[in-house]
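Okay, structure first, notes after.
Letters go in sequence order (proteins before strands), and every chain restarts at 1. The figures here come from the full heavy-atom set of this structure, side chains too, leaving out hydrogens, waters and symmetry mates.
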Amino acid sequence: MPELPEVEIVKRGLNQLTLNKKIVGGEVLLERTVAHPISVGDFLGGLQGKAIAGWHRRGKYLLAQLYKWDTKILKLTQLKENQDGWLGVHLRMTGQLLWVKPEESLHKHTRVRIFFGDRSSGSEGHPTHELRFVDQRTFGQMWRVPPATEISHIITGLKKLGPEPFSPEFCPEYLTKKFDKRHRAIKTALLDQTTIAGLGNIYADEALFLSGIRPTTLCKDLTETQIEQLHLAILKVLQNSIDAGGTTFSNFLNVKGVNGNYGGVAWVYNRAGQPCRICDTSLEKIKLAGRSTHFCPQCQEG
DNA sequence: CGCTCCGCCTGGTTGC
DNA sequence: TGCAACCAGGCGGAGC
């Protein structure tokens with residue numbers, strides 16, 4: 001399940017591989033993947049003849065800034081007037097963006113293909129590269145944001161996102177304010193993207209373990225110290241995973257199709273019944289707001 | 001408004 | 001061994 005670290009790794013890979021190449025075509029194999037209100041034809045038509053200036057990440061959303069591809073554009077200063085909207089992608093549960101050769105045999109769950117040429121392939125030359133969206137469980141989505149349109153008007157989920165974990169806005173004081181008088185489990189609050197953008201089930205459980213907080217603790221009952229520990233734990237667990245290239249205890253692949261190397265060493269995630277790596281106590285698994293939740297009853301007393 | 005639950009999906013695992 | 005039921009979960013929307 002791609003969460004913030006995995007999406008960040010994908011973003012970095014895309015920025016290394018996909019920029020400044022002309023989009024020469026595309027193919028949508030599953031219509032549902034293209035988010036409404038746009039038609040598949042308008043989606044592909046809107047990408048045709050464009051190129052990607054850069055990829056950005058907001059929470060778990062990927063955003064590619066597009067410009068009209070033109071061999072005459074050699075200066076970055078000219079990019080601005082040639083901007084041509086955005087391509088948005090959310091991988092949801094099982095989505096993968098892979099940078100492949102167009103002739104590579106189709107993955108079973110290929111949903112969308114975007115073909116790229118380069119300066120050596122003529123204006124309508126055959127594609128030399130492909131950005132392939134593979135998504136087993138089909139929750140993933142792609143958006144085309146037309147020029148001069150507010151991105152969040154099309155990708156409405158962006159409106160509700162809380163602060164980025166690595167932004168100055170995300171600090172213990174922010175969490176204290178956010179958790180004040182809130183009568184729900186901290187685990188549930190961490191999964192809520194309006195609290196923090198980018199945490200998912202794996203890193204929520206891991207961050208709660210690192211901060212010694214029981215997932216069922218109500219937000220309003222967290223102490224100042226606990227909130228400070230949680231704040232640090234969130235940053236630590238996310239940064240560690242980014243540094244390692246994404247997790248392996250999920251089936252995450254980077255854009256080159258390579259698994260990350262977080263080492264498969266989760267403290268608690270998916271380890272119910274196994275001994276805690278700190279105290280040997282058998283780890284427990286419960287349901288919270290419909291999500292499986294893993295914790296150590298000894299290390300996470302508070 | 002705050003919170004929980006359901007539905008969307010496919011494939012791997014579990015249970016009879 | 002075969003088949004059905006269950007489970008995984010991000011997010012939007014329904015419902016209380």
Heavy-atom nearest nucleotide on DNA chain C for A:Lys160 versus A:Glu3: which residue maps closer to 5'? A:Glu3
If the threshold is 4.0 Å, N to carboxylate O, is there a salt bridge linking [X] and [Y]?
X: A:Glu104; Y: A:Lys101; result: no
X: A:Asp84; Y: A:Arg144; result: yes
X: A:Glu8; Y: A:Arg12; result: yes

Going 5' to 3' along DNA chain C, which are the first and last nucleotides with any atom under 4.0 Å from a heavy atom of chain A? C:dA8 to C:dG12
Can you pull the ring pair (Phe, Tyr, Trp, His ring centres under 6.0 Å) pairs that have at least one residue in residues 272-300 of chain A, sequence neighbours excluded? A:Tyr269-A:His294
Keeping to residues at least two apart or across chains, list the ring pair (Phe, Tyr, Trp, His ring centres under 6.0 Å) pairs with something in residues 22-50 of chain A. none
Residues passing the ring-ring contact (aromatic ring centres under 6.0 Å, His included) test with A:Trp99, sequence neighbours excluded, are A:Phe116, A:His129
Residues at least two apart in sequence or cross-chain that pass side-chain hydrogen bond (donor to acceptor under 3.5 Å, both in side chains) with A:Ser211, listed by chain then number, are none
For A:Arg137, side-chain hydrogen bond (donor to acceptor under 3.5 Å, both in side chains) partners two or more places apart: none
Rounding to 10 degrees, work out the angle separating the end axes of the helix from B:dG2-C:dC16 to B:dC16-C:dG2 (five pairs an end). 60°
Closest non-hydrogen contact found for A:Arg182 with A:Lys178 is CG-O, 3.2 Å
Salt bridge (Lys or Arg N to Asp or Glu O under 4.0 Å) partners of residues 190-200 of chain A, not counting sequence neighbours, each pair once: A:Arg184-A:Asp192
Listing time: all N or O pairs from protein to nucleotides 8-12 of chain B that are below 3.5 Å?
{"unit_1": "B:dC9", "atom_1": "OP1", "unit_2": "A:Arg32", "atom_2": "NE", "d": "3.3"}
{"unit_1": "B:dC9", "atom_1": "OP1", "unit_2": "A:Arg32", "atom_2": "NH1", "d": "3.1"}
{"unit_1": "B:dC9", "atom_1": "O2", "unit_2": "A:Arg137", "atom_2": "NE", "d": "3.3"}
{"unit_1": "B:dG11", "atom_1": "OP1", "unit_2": "A:Lys108", "atom_2": "NZ", "d": "3.3"}
{"unit_1": "B:dG11", "atom_1": "OP1", "unit_2": "A:His109", "atom_2": "NE2", "d": "2.9"}
{"unit_1": "B:dG11", "atom_1": "O4'", "unit_2": "A:Gln136", "atom_2": "OE1", "d": "3.4"}

Can you check each nucleotide of nucleotides 1-6 of chain B against protein heavy atoms at under 4.0 Å and return B for base, S for sugar-phosphate only, - for none, in 5' to 3' order? --SS--
Enumerate, atom names and distances included, each donor-acceptor pair closer than 3.5 Å involving a side-chain atom of residues 156-171 of chain A, sequence neighbours excluded.
{"unit_1": "A:Glu164", "atom_1": "OE1", "unit_2": "A:Arg57", "atom_2": "NH1", "d": "2.9"}
{"unit_1": "A:Glu164", "atom_1": "OE1", "unit_2": "A:Arg57", "atom_2": "NH2", "d": "3.0"}
{"unit_1": "A:Glu164", "atom_1": "OE2", "unit_2": "A:Arg58", "atom_2": "NH1", "d": "3.0"}
{"unit_1": "A:Glu164", "atom_1": "OE2", "unit_2": "A:Gly59", "atom_2": "N", "d": "2.6"}
{"unit_1": "A:Ser167", "atom_1": "OG", "unit_2": "A:Glu164", "atom_2": "O", "d": "2.7"}

Sorted by chain and number, sequence neighbours left out, side chain to side chain contact (heavy atoms under 4.5 Å, CB included) with A:Glu27 holds for A:Leu29, A:Arg113, A:Phe115
